[in-house]
There are 2 protein chains.
Amino acid sequence: MANSSKKKATIYDLSVLSGSSPSTVSAVLNGTWRKRRIKASTAELIQSLAETHQYTANRQARGLRSSRSGLVGLLLPVHDNRYFSSLAQTFEAHVRSKGQCPIVVSASRDPDEERKTAATLISYSIDELFICGATDPDGVHEVCEAAGLKHINIDLPGTKVPSVISDNFEGGRLLTEAIIRHFPADRPLQPNDLYLFGGRNDHASHERIRGFRAVKKELLGGDPDECIQPTGYAANNARRAFEAFFARHGKLPRGLFVNSSINFEGLLRFMAGHPHDNFADLVVGCYDYDPFASFLPFPVIMIRQDVEGMIAKAFEVIEELRPPPQIHLVQPELVPPRTALTGPLDALKDIDR
Amino acid sequence: MANSSKKKATIYDLSVLSGSSPSTVSAVLNGTWRKRRIKASTAELIQSLAETHQYTANRQARGLRSSRSGLVGLLLPVHDNRYFSSLAQTFEAHVRSKGQCPIVVSASRDPDEERKTAATLISYSIDELFICGATDPDGVHEVCEAAGLKHINIDLPGTKVPSVISDNFEGGRLLTEAIIRHFPADRPLQPNDLYLFGGRNDHASHERIRGFRAVKKELLGGDPDECIQPTGYAANNARRAFEAFFARHGKLPRGLFVNSSINFEGLLRFMAGHPHDNFADLVVGCYDYDPFASFLPFPVIMIRQDVEGMIAKAFEVIEELRPPPQIHLVQPELVPPRTALTGPLDALKDIDR
DNA sequence: AGTCTTTGCACCATCGATTGTGCAAATAAG
DNA sequence: CTTATTTGCACAATCGATGGTGCAAAGACT
């Protein structure tokens, strides 16, 4: 409460204290002082003053002048999901390692909110925007383009700038094949036993479904259309779809391809209301990885997307000068049942104990 | 590419276009124009110009002048965790509903990084900071205090400003009692059968442990010290602790109180390496809720913290003038096995299909 | 000693919005 | 028709940092 009082020190304060001009102080504190031929002793004086007075630059002022902010944005569909939150975690680490400040915001898969959110971020002069899982990536692109903001798509592709996404076709194939092969040869799956639930009208779902159908036709020799049940990315929609199926058939399909952990939660909600033994012969493949889901009391085969790989690739591509609007595929990984993989949190050192 | 070209429109552009002064334009666009007695027709003209030229205010300039930014910060330990990410999700909705912009950042439970991160946020002139699960809340407080920034603690309490946290003592009691009562009367739990794994040297763990020990002594009549095994909030530490126990006793305790889903993941990692039948008689209580964990092939009793309640309370308290540094307890909820609860995502409308 | 070069720094405009103040023109009051 | 009031807006300082430019003093060189 004494001297280092209420208001933050500015270069003007330090200018008075050091007897130098504000511009000299600025140059010293932003590192350009050698280029400006400031004497080392002057620099040291100012730096020590800055230290004792706890100077930190006002980023709004700096950003206003330089029209950069040091902020890097990540636009997510939602936070509350292990896939997206691990993307956020990994993204943050990358941004921080470049000395910038991550700003993670969600837009609920609403195209309108996506654009508005992007506009808000732009009004803070963010330096780059990573558009992740957007429902309308090209709509967000327009907004960014108009502001001259560098941006890139992740998870769901757009057509105007590069996109880094999972190889959903291959992942869909892998998962479908694993589900089918998980059934013993003496009780093989029939084409009508294997359903895909979840997903919506987006690129990822389309590709996964394409992979699903291709493998199904190849291995089971049939692929009825009704086996595809898109439900959107909402747990309760998925639950209703399972209820509807159950109402019609008195059971679930023996093999389930569940498109995303959110839809899998819908399956849980269904299960909570039905006796256990309905699921004795069930094999679930889920396009997403969750360690707890992997240990459920029926075989759960999962796909883990390569979050670290996607983020790394995205940072690599966004640094390029004028990258073509190309799709970069990153291979996902098949995870057998009862597998506990490590994640981004394992990279953190644990502090006490 | 035509006229609405590369650079963003400013009040000066609109000033020229409208024939008014920049200050008039500013007043019209920030809503203070009535107070400034601007003619309605002038305001309408400027507003329509702003519309057609897609004007959005430069927030850095506004923030510089007004020393407010419209940014509200949330400092998290980590993103990649359902508890914290649902806090983020809920926080975001609250901030957005107030017309401000949420900025969610994690600091890895590192006290030093917590302070640095807070300082960074402050340099962007954020308006408020919610300090969630900080290892050193009072350290962050110093930084905020020095900058005159309103702040509040969530999840882990500090001593300088109000804190909104779960009633961990009560939650610990509830969970412990539920674990004990889950065992049939003919094979009751012995004091040596019930262990607590996980947590660290923080307020939450202390309180949960206090609740655990109180109930244990009360219901089981004993409470050996070795039954408390703090492992930090790291999955691999927890795994090692389970391995160590198993090496000594050839089995796990029949009853497990697992302090957080992160530690529960450590249990999964342990389980992945051991045959299934080691867990036939196991009951797990976990201080955290995860829908998938709730359906694991052994009874899992969970605690769900009232995320919505905590966030709402925190926003309520932070708006008060000079709130005393008091702890506000929010009651958590006991979740029986095989329960699929809804979460913040269920509030979102699903767009297509 | 005189000229040229280098060193070291100060000055000032600038980024875009906000806001206190001042002052004409329009209107009302007498 | 004159004075008082209200209306409607422009002016200019300000927030804090940046970076181009200019210029005096110190040093090098002939």
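Chain A is the first sequence line, chain B the second, and so forth, proteins listed ahead of strands; every chain is numbered from 1. Predicted, not measured: the structure shown is a model, and the values here were computed from it.
Side-chain atoms of Ser21(B) stay outside donor-acceptor range of the base of dC9(D), with no qualifying N/O pair under 3.5 Å. Interface remark: the Ser67(B) side chain does not form any donor-acceptor pair with the dC15(D) base, using a distance-only criterion of under 3.5 Å. Taking 3.5 Å as the limit, the base of dT18(C) and the side chain of Arg62(B) contain no donor-acceptor pair of atoms between them.
Taking 4.0 angstrom as the limit, Thr24(A) places a side-chain polar atom (N or O) nearer than this to OP1 or OP2 of dA10(C). In this structure, Tyr55(A) reaches the dA17(D) phosphate: one of its side-chain N or O atoms is under 4.0 Å from OP1 or OP2.
Counted by atom type alone, Asp80(A) and Ser86(B) present zero donor-acceptor pairs between their side chains at under 3.5 Å. For the 3.5 Å distance criterion, the side chains of Asn58(B) and Tyr124(A) fail to qualify, holding no donor opposite an acceptor.
Closest approach to the Asn58(B) side chain among dG19(D), dA17(C), dA17(D) is made by dA17(C) (side chain taken as heavy atoms from C-beta onward). Relative to the side chain of Leu64(A), the nucleotides dT19(C), dG16(D), dC12(C) differ in distance, and dG16(D) lies closest. Here the nucleotide nearest the side chain of Ser20(B), chosen from dG16(C), dA10(C), dA10(D), is dA10(D).
Atom P of nucleotide dG16(D) and atom CZ of Arg65(B) are separated by 10 Å, given to the nearest angstrom. Gln60(B) has its CD atom 15 Å from the C1' atom of dT14(C), to the nearest Å. The distance from atom CZ of Arg68(A) to atom P of dA17(D) is 18 Å, rounded to the nearest whole Å. Whole-Å rounding puts the Tyr12(B) OH to dA17(C) P distance at 7 Å.
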*Starting from the C-alpha separation in whole Å, work towards a yes-or-no answer on salt bridge (charged side-chain N to carboxylate O under 4.0 Å, His left out) for Arg68(B) and Asp127(B).*
CA-CA 6 Å; Arg68(B) 309 187 74 258; Asp127(B) 298 336; 3.6 Å; yes
*asked:* One pair to check against salt bridge (charged side-chain N to carboxylate O under 4.0 Å, His left out): Glu319(B) and Lys98(B). What are the steps and the verdict?
replied: CA-CA 12 Å; Glu319(B) 301 310 345; Lys98(B) 301 200 307 173; 3.1 Å; yes
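Among the heavy atoms of the strands lying under 4.0 Å from Ser23(A) is at least one base atom, whether or not backbone atoms are also near.
When each of Ser66(B) and Val25(B) is assigned the nucleotide of DNA chain D bearing its nearest heavy atom, the one mapping closer to the 5' terminus is Val25(B).
Taken from CG in Asn81(B) to OG in Ser85(A), the straight-line distance is 7.5 Å, to the nearest 0.5 Å. In this structure, the separation between OG1 on Thr117(A) and CD on Glu92(B) is 8.0 Å, given to the nearest 0.5 Å.
Taking the six-membered ring where the residue is Trp, the centroids of Phe315(B) and Phe130(B) are separated by under 6.0 Å.
Residues from residues 29-46 of chain B lying near DNA chain C, meaning a heavy-atom separation below 4.0 Å, are Asn30(B), Arg36(B) in numerical order.
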